[in-house]
Amino acid sequence: MNDKATSALVNDIRERAAALGFDALGIAPAQLPQATGEKLTTFLQEKRHGDMAWLETRAQERAQPQSLWPDARSVIVLGANYGPDRNPLDILQEPRAGAISVYAQNKDYHDVIKTRLKALARFIADKAGGDVKVFVDTAPVMEKPLAGLAGLGWQGKHTNLVSDDYGSWLFLGAIFTTLTLPVDTPDIDHCGSCRACLDVCPTNAFPAPYQLDARRCISYLTIEHRGPIPHEFREAMGNRIYGCDDCLAVCPWNKFAEKSRESAFQARDDLRAPSLSDLADLDDAAFRALFTKSPIKRTGRDRFLRNVMIALGNSRDPSLLDKVRTRLTDDSPLVRGAAVWAFAKLSEPVEFEHAAQQNAPAEDDESVLQEWSAGRIMSQRQGST
């Protein structure tokens, strides 16, 4: 294919991508700099990935696109704007409501983006031949470094992609192809001396600029982490029950971003500020019904209710105590343990002691028994202040 034909093909791809609903497109070589792989290795060696073992098991493929697919020559990186229509941090001032990350307030973006990627990939194959493969956050692909190489933005100090046009609000997907396409110019880092994303983090999850310790990140803790939330992070979670937008929301580059016009990415009314009281009542069937087609469904009811219990404890609203009391005997030890902590936060010492005597003797899960012991100490301490 000569240069003129290649240029025409790229223009056609851009036009088709826009028609499919993508807001940004760039082309990168199917190779990442060695330094990118070295950063991943350090991240894994320091165990900053926590429970996310899948990051470790396919690290080599993640570090180098051609390790994943040796025939790949170019990577077309796509971005879809999901900018919110209001400040995501406002809900943190509503302790009786649950704060859900912007990206999860409607349909699962994996499904939406993958459908569009497949349509664009078919268009490319029909137009120019060659083989294509699509990826959206579920394969060992480092979308953010590739997006930087493709000129869609740069990885900010919060490690997320920042775009000149869309701030921190871009969903990413990639199409690997055997075609050799002209690559775009990488963007440069425009963060300068700004530390807004680092300083706003409630749990100090950034050991240094451009470094993340996922084990301290509320998004990781509320979504990926399978066990009890470590005590040191519970109060810092506030009412965040699924993800955390703080570092994204304070990025100054968001002032250039328009709210998303895509209906699939606009918040459902019932997920903008859902009542913690209502969420506490969810059984498995109700959970699945509420979060049909939502990424929250993949986390499962037990982990989600664990997060809701922590948020209830942080509400400091004793009128919600009965909602917590009900979960002291939940079938899931993960929920029971979080409920014990919340009960200790909301109840008077005498009331907590009564609940402990009633429930602890029948408890057979060691982690929940530890919560009862820790809760007794916490309750007594609160009662003496």
Side-chain angles (χ1 to χ4, degrees), residues 91-100 202-203 218 221-223 225-242 273-288 290-291 296 299-385:
I91 193 174
L92 302 182
Q93 307 306 315
E94 301 179 39
R96 292 174 60 92
I100 294 174
T203 53
I218 290 176
L221 291 168
T222 56
I223 300 171
H225 183 56
R226 297 181 178 277
I229 303 294
H231 280 255
E232 63 179 305
F233 303 127
R234 294 183 182 182
E235 289 191 359
M237 279 175 57
N239 63 338
R240 301 170 185 84
I241 57 174
Y242 190 91
S275 161
L276 291 174
S277 177
D278 292 342
L279 294 176
D281 292 334
L282 293 176
D283 59 17
D284 191 63
F287 170 82
R288 291 176 177 276
L290 177 62
F291 296 114
I296 298 175
T299 298
R301 177 261 185 193
D302 293 350
R303 271 187 277 176
F304 185 75
L305 261 289
R306 169 200 64 186
N307 303 338
V308 170
M309 289 299 112
I310 299 299
L312 284 168
N314 286 327
S315 72
R316 302 186 185 280
D317 186 347
S319 71
L320 296 172
L321 189 61
D322 284 343
K323 295 292 184 176
V324 176
R325 191 193 311 272
T326 301
R327 295 303 165 199
L328 293 175
T329 56
D330 193 86
D331 289 341
S332 167
L334 196 60
V335 177
R336 294 199 303 274
V340 172
W341 182 85
F343 200 84
K345 294 284 289 184
L346 297 178
S347 64
E348 295 295 330
V350 172
E351 192 169 16
F352 180 85
E353 184 60 32
H354 176 74
Q357 292 179 7
Q358 186 176 31
N359 293 282
E363 181 57 60
D364 59 2
D365 185 275
E366 182 59 34
S367 67
V368 182
L369 286 172
Q370 291 175 3
E371 294 287 355
W372 280 114
S373 296
R376 179 176 279 114
I377 295 171
M378 182 170 63
S379 177
Q380 291 172 349
R381 185 184 301 125
Q382 289 178 168
S384 64
T385 58

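A distance-only check finds no donor-acceptor pair linking the side chain of R234 to the backbone of I310 [under 3.5 Å]. Judged by distance alone, the side chain of N314 and the main-chain N or O of M237 form no donor-acceptor pair under 3.5 Å. Side chain of N359 to main chain of T329: no donor-acceptor pair is present (N/O by atom type, distance under 3.5 Å, no hydrogens or angles). Formation of a donor-acceptor pair under 3.5 Å by the R376 side chain with backbone atoms of E353 is not found in this model. The backbone N or O of G227 sits less than 3.5 Å from a side-chain atom of R306, completing a donor-acceptor pair.
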>> Run the side-chain contact (heavy atoms from CB on, under 4.5 Å) test on I241 and T222 for me, step by step, so that the C-alpha distance in whole Å, both residues' side-chain angles and the decisive distance to 0.1 Å come before the verdict.
In response: CA-CA 6 Å; I241 57 174; T222 56; over 6 Å; no
> For N239 and S315, what are the C-alpha separation, side-chain angles and deciding distance, and is it a side-chain contact (heavy atoms from CB on, under 4.5 Å)?
Replying inline: CA-CA 7 Å; N239 63 338; S315 72; over 6 Å; no
> Do W372 and L328 pass the side-chain contact (heavy atoms from CB on, under 4.5 Å) test, and can you show the C-alpha distance, the side-chain angles, and the key distance before you say yes or no?
Replying inline: CA-CA 10 Å; W372 280 114; L328 293 175; 4.1 Å; yes
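Taking the six-membered ring where the residue is Trp, F343 and F352 present tilted rings, their angle falling between 30° and 60°.
Between Q358 atom CD and R325 atom CZ the span is 8.5 Å, to the nearest 0.5 Å. In this structure, the separation between CG on N307 and CG on L312 is 11.0 Å, given to the nearest 0.5 Å. Distance check: K345 NZ to M378 CE gives 6.0 Å after rounding to the nearest 0.5 Å. For the atom pair CG (D281) and CG (L276), the distance works out to 11.5 Å, reported to the nearest 0.5 Å. The CZ atom of F304 sits 7.0 Å away from the CG atom of L290 when rounded to the nearest 0.5 Å. One distance of note links CG of L320 with CG of L346; it measures 7.0 Å at 0.5 Å rounding.
Around the NE2 atom of H231, the shell of radius 6.0 Å holds more than 12 heavy atoms that belong to other residues, nucleotides or ligands.
Proximity of Q370 to P228: side-chain heavy atoms (C-beta onward) are nowhere separated by under 4.5 Å. P274 places a side-chain heavy atom less than 4.5 Å from the side chain of I100. V324 is not listed as a side-chain neighbour of R327, based on a closest heavy-atom distance of 4.5 Å or more.
Contact record, S319 with R96: OG-NH1, 3.3 Å, taken as the closest heavy-atom pair. Nearest heavy-atom pair across T203 and A236 is CG2-CB, 3.8 Å. For D283 against A286, the heavy-atom pair with the smallest separation is OD1-N, 2.8 Å. Listed here is the closest heavy atom pair of A356 and P361: O-CD, 3.4 Å. Here the shortest heavy-atom pairing between A273 and A97 reads O-CB, 3.8 Å. Residues G337 and V368 come closest through the heavy atom pair N-CG2, 4.0 Å.
R336 and E371 are not joined by a salt bridge, as no carboxylate oxygen comes within less than 4.0 angstrom of a charged side-chain nitrogen. Using a 4.0 Å cut-off between charged side-chain N and carboxylate O, D330 and R301 make a salt bridge.
Taking P230 as the reference, L221, H225, E232, F233 meet the side-chain contact (heavy atoms from CB on, under 4.5 Å) condition, with sequence neighbours excluded.
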